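Every heavy atom of this structure was used, including side-chain atoms; hydrogens, water molecules and symmetry mates were not. Bear in mind the structure is a predicted one, so any value in this text is a computation, not a measurement. If you read the sequence from its start, that first residue is 1, and numbering goes on from there.
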Amino acid sequence: MNNRLRELRTERGWTQADLADHLDVSRQTVNALETGRYDPSLPLAFKLARLFGQRIEDIFQDDPQP
């Protein structure tokens, strides 16, 4: 799943650790989210959307199927 997390995080001048603190997750979780190795749970996706003032679908985009 593609996402804009790194872009949104860096716009605020936050490190991965800063974002992890806001979300109550580990820095490794933030890294895995940003690199697409981990898809967030629905509660975490809602938390991210509220934190960044975005809709979930504006942050996360499904990979197109060939």
Asks: Measure across Ala49 and Ile56 and return the closest heavy-atom pair with its distance rounded to 0.1 Å.
Replies: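 Closest approach of Ala49 to Ile56, heavy atoms only: CB-CG1, 3.8 Å.
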Asks: Name all pairs fulfilling the ring pair (Phe, Tyr, Trp, His ring centres under 6.0 Å) condition that reach into residues 25-60, sequence neighbours left out, sorted by first residue then second.
Replies: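 Those involving residues 25-60 are Trp14-Phe52.
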Asks: With rounding to the nearest 0.5 angstrom, report the CZ to CD distance, Arg6 to Glu11.
Replies: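 One gets 13.5 Å once the value is rounded to the nearest 0.5 Å.
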Asks: Looking at Leu33, is its backbone amide N or carbonyl O close enough to the side chain of Asn3 to form a donor-acceptor pair, meaning the two atoms are under 3.5 Å apart?
Replies: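 Side chain of Asn3 to backbone of Leu33: a pair is present.
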Asks: Within this structure, what is the CG-CG distance for the pair Leu48 and Leu23, rounded to the nearest 0.5 Å?
Replies: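 Separation between the atoms: 5.0 Å.
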Asks: Do Gln16 and Arg9 touch side chain to side chain, with heavy atoms closer than 4.5 Å?
Replies: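 Result yes, sub-4.5 Å side-chain heavy-atom pair found.
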Asks: Out of Thr35, Asp21, Val25, which residue meets the side-chain contact (heavy atoms from CB on, under 4.5 Å) rule with Val30?
Replies: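 When side-chain contact (heavy atoms from CB on, under 4.5 Å) is applied between Val30 and each of Thr35, Asp21, Val25, only Val25 qualifies.
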Asks: Without swapping roles, check the side chain of Thr10 against the backbone of Gly13 for a donor-acceptor pair under 3.5 Å.
Replies: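 Checking the backbone N and O of Gly13 against the side chain of Thr10, no donor-acceptor pair under 3.5 Å is found.
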Asks: Hey, are the side chains of Leu19 and Arg12 touching, using non-hydrogen atoms and a 4.5 Å cut-off?
Replies: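 No, side chains not in contact.
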Asks: Would you compute the distance between atom CG of Asp39 and atom CE of Met1 and round it to the nearest 0.5 angstrom?
Replies: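 If I round to the nearest 0.5 Å, the distance is 4.5 Å.
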Asks: Do Asp24 and Lys47 pass the salt bridge (Lys or Arg N to Asp or Glu O under 4.0 Å) test, and can you show the C-alpha distance, the side-chain angles, and the key distance before you say yes or no?
Replies: CA-CA 10 Å; Asp24 295 320; Lys47 200 173 204 180; 3.6 Å; yes
Asks: State the CD-OG1 distance between Glu34 and Thr29, to the nearest 0.5 angstrom.
Replies: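 These two atoms lie 11.5 Å from each other.
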Asks: Please report the interatomic distance CG(Asp18) to CZ(Arg27), rounded to the nearest 0.5 Å.
Replies: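 Nearest 0.5 Å value for the CG-CZ distance: 12.0 Å.
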Asks: For Glu57 and Gln61, which heavy atoms make the closest approach, and how far apart are they?
Replies: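 Scanning both residues, the minimum pair turns out to be O-NE2, 3.8 Å.
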